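From a predicted model like this one, the values you see are computed outputs, not experimental measurements.
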Amino acid sequence: MSTAAPPADWHRLDPRTVLVTALVVAGVVAGAAVPTTLGLAGWLGLPAAVLWVLAAAVLVIGAAAGADRVRWHRTRYRIGPERVDLHTGLLIVKRRSLARGRIRTVDLTANPMLRLLGLVTVRIGTGEQGSESTLELDPVTRAEGERLRRVLLERAVTAPAGVHREGELAVLDPRWIRYAPVSFVAPMLGGAAAGAVLQVSDWVGARADVIAWIGDRFRETPLLWTIVALVLAALVSGVVGALGLWIEMWWNYRLEREPGGTLRVRRGLFTSRSISVEEARLRGVDLVEPLGVRLFGAARLDAVTTGLAKDHEARNADHNTLLPAAPRKRADVVAADVLREAVAPTGAALTPHPRAARGRRLRWALAAALGPVLLLALLGALLTPVLLWIALGCAAVAVPVAVVLALDAYRGLGHALSGRYLVTRSGTVRRSTAALERAGVIGWTVKQSVFQRRAGLLSVTATTAAGGGAYTAYDADASEGLTFAAEAVPGLLEPFLERGAPSSGP
């Protein structure tokens, strides 16, 4: 196979991609080799099983490395004055191209293997939906990745005027790790750990032994305390997992403002990540307070921006997070620095919503809590009284929790105008305080159901091309909500109000 270099203006990926692929596949094969060998040993005997597994491993690793060698040889890219081109493929050659003027993100990531070799994966995106809006160069040297990022994000425009400093805006405070165990990740990881133990034990044919071992440990323990102990064990493993995940994701975190008006987030312990946000595309910020984190006085800061990558991989990578969970005051300071404001709009005093909005939340919460209870009670009346006692216990727990969450959700409602921004807040399990630039609003949606109309309420939604696309002031007073929308973007809503009442929604 020829290895002739491409033309001068074309570049290839780093040839060490073949080594990376071989090592990664070898690791996967090694993980699968142990249970496979144990399974085959019962049929072929241990020596024969080991030989067969080694032969299969060599074949798989060789095939993967060979396929990646072909991919490397047939992949090349070019940075032209107007476009970025990527050609790849053997039998079917794919030619993809992005206009440089539409490029919004150049993100660098490197897993531990790539970091050891001084390589990175470069993702070049336009921020549009679908994989065709993203080019991936996997891998190139770190120096080449930084060069591509600098060249492709270079703009002729200057940064917005402001008194806020350039350079470092936020850096990791190790004390923020205390918020990791109170996130929703901890119980999820605990459940996943319990499931993994049972799954792995099933692979090696030892699930019955594991269950028997657990049963022996709690033979003299009442059932209730056994359940409590197992749940606590799962939670402890979840907390440990949440701490480890936080360290991996946020260690070495740094938020910087670069010359030319680009915000750059760098983070990661083993897998390093570098994410860029152009200030010209920034339309605001979203202060997110999950319930557990909020109880400890902390919040996370997300960017509301156009042009961030929207493909599947990017949506699962916290691409819009500017600051991890940190003390609320610190989050407000960073929000002000990011927006080049003297005071963060996320800290503005909000207009509270009418008491009728509280009643609606109480009714929704009680209906959600009592629905399953009534079903259990009905089944208990038909089948067994045991279900009646279960229904009573569920009601004793669910009703107070539902009422507390409903009242908290009501207290969280609010909206305001703060300088160049409109601010909306809502939610209890996940409270969101969004500050959206008024110039970024492209339309309004006003909804008023029959029940809202009777209560004198409505929900008004600002639509935008940035962030989640819609930011809503739920169950606001009808006159206050319309005034809020009209004052936020003068001239946008009035022509529609003159035609009649707000549109009816579900």
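- Without hydrogens or angle criteria, Thr105 side chain to Asp107 main chain gives no donor-acceptor distance under 3.5 Å.
- Side chains of Leu135 and Val84 form a contact here, defined as non-hydrogen atoms less than 4.5 Å apart.
- For the pair Met113 and Pro139, the minimum side-chain heavy-atom distance is 4.5 Å or more.
- Looking only at distances, a side-chain donor or acceptor of Arg178 sits under 3.5 Å from a matching main-chain atom of Arg175.
- When only modelled atom types and interatomic distance are considered, Thr464 and Arg283 share no side-chain donor-acceptor pair under 3.5 Å.
- Nearest heavy-atom pair, Thr262 versus Glu279, reported as atom, atom and distance to 0.1 Å: N-OE2, 4.2 Å.
- Considering Gln448, Gln452, Lys447 as possible partners of Ser459, the one that fulfils the side chain to side chain donor-acceptor pair (under 3.5 Å) test is Gln452.
- At least one donor-acceptor pair under 3.5 Å links the side chain of Arg100 to the backbone N or O of Gly80.
- When all heavy atoms are compared, the tightest approach of Val25 to Ala64 is CG2-CB, 3.6 Å.
- Using a 4.0 Å cut-off between charged side-chain N and carboxylate O, Arg361 and Asp475 make a salt bridge.
- Arg71 has a carboxylate O that lies under 4.0 Å from a charged side-chain N of Asp68, or vice versa, which qualifies the two as a salt bridge.
- Comment: Asp337 does not engage Arg257 in a salt bridge, judged by the lack of any side-chain N to carboxylate O separation of less than 4.0 angstrom.
- Under the salt bridge (Lys or Arg N to Asp or Glu O under 4.0 Å) test applied with Glu289, the options Arg328, Arg294, Arg431 reduce to a single match, Arg328.
- Thr424 is not listed as a side-chain neighbour of Thr472, based on a closest heavy-atom distance of 4.5 Å or more.
- Under a 3.5 Å cut-off, the side chain of Arg438 and the backbone N or O of Gly419 do form a donor-acceptor pair.
- Between the side chains of Arg264 and Ser274, at least one donor-acceptor pair of N or O atoms lies under 3.5 Å.
- For Phe184, the CZ atom counts as densely surrounded, since its 6.0 Å shell holds more than 12 non-hydrogen atoms of other residues, nucleotides or ligands.
- Of the possible donor and acceptor atoms, one in the side chain of Thr21 sits under 3.5 Å from a partner among the backbone N and O of Thr17.
- The two residues Asp286 and Ser432 make their nearest non-hydrogen contact at OD1-OG, 2.6 Å.
- Using a 30° and 60° split on the angle between ring planes, Trp246 and Trp251 fall in the perpendicular class, above 60°.
- At a threshold of 4.5 Å between non-hydrogen side-chain atoms, the residues Leu323 and Tyr253 count as touching.
- Checked against the 6.0 Å centroid threshold, Trp176 and Tyr179 do not count as a close aromatic pair.
- By the 4.5 Å heavy-atom criterion applied to side chains, Thr306 and Arg104 are not counted as neighbours.
- Between Trp444 and Phe484, the ring planes are perpendicular. Angles over 60° get that label, and only those under 30° would be called parallel.
- Closest of all the heavy-atom pairs between Pro181 and Ala186 is O-CB, 3.5 Å.
- The two atoms that bring Val293 and Ala325 nearest to each other are CG1-CB, 4.0 Å, heavy atoms only.
- With hydrogens and angles disregarded, no donor-acceptor distance shorter than 3.5 Å links the side chain of Arg266 to the backbone of Arg254.
- Among residue pairs with one or both ends in residues 79-90, those qualifying as salt bridge (Lys or Arg N to Asp or Glu O under 4.0 Å) are Arg78-Asp85; sequence neighbours excluded.
- At a threshold of 4.5 Å between non-hydrogen side-chain atoms, the residues Leu255 and Val338 count as touching.
- No donor-acceptor distance shorter than 3.5 angstrom exists from the side chain of Arg430 to the backbone of Val288, with no hydrogens or angles considered.
- Thr346 and Asp332 share a side-chain donor-acceptor pair at under 3.5 Å.
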### Message
Working note: Val460 + Leu482, criterion side-chain contact (heavy atoms from CB on, under 4.5 Å); need CA distance, chi angles, decisive distance, verdict.
### Response
CA-CA 8 Å; Val460 56; Leu482 294 177; 5.9 Å; no
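- More than 12 heavy atoms of other residues, nucleotides or ligands lie within 6.0 Å of CH2 in Trp364, so this atom counts as buried by the packing criterion.
- With hydrogens and angles ignored, the 3.5 Å screen pairs a side-chain donor or acceptor of Arg273 with a backbone N or O of Thr271.
- Taking every heavy atom of both residues into account, Trp72 and Arg12 meet most closely at CZ2-CD, 3.8 Å.
- With a 6.0 Å radius and a threshold of 12 heavy atoms from other residues, nucleotides or ligands, Tyr474 has its OH atom at or below the threshold.
- Thr321 and Arg267 share no side-chain donor-acceptor pair at under 3.5 Å.
- Using a 4.5 Å heavy-atom cutoff, the side chains of Val423 and Thr433 are in contact.
- Side-chain contact between Thr75 and Leu86 is present, with heavy atoms from C-beta onward closer than 4.5 Å.
- The closest donor-acceptor contact from the side chain of Arg96 to the backbone of Thr134 lies under 3.5 Å.
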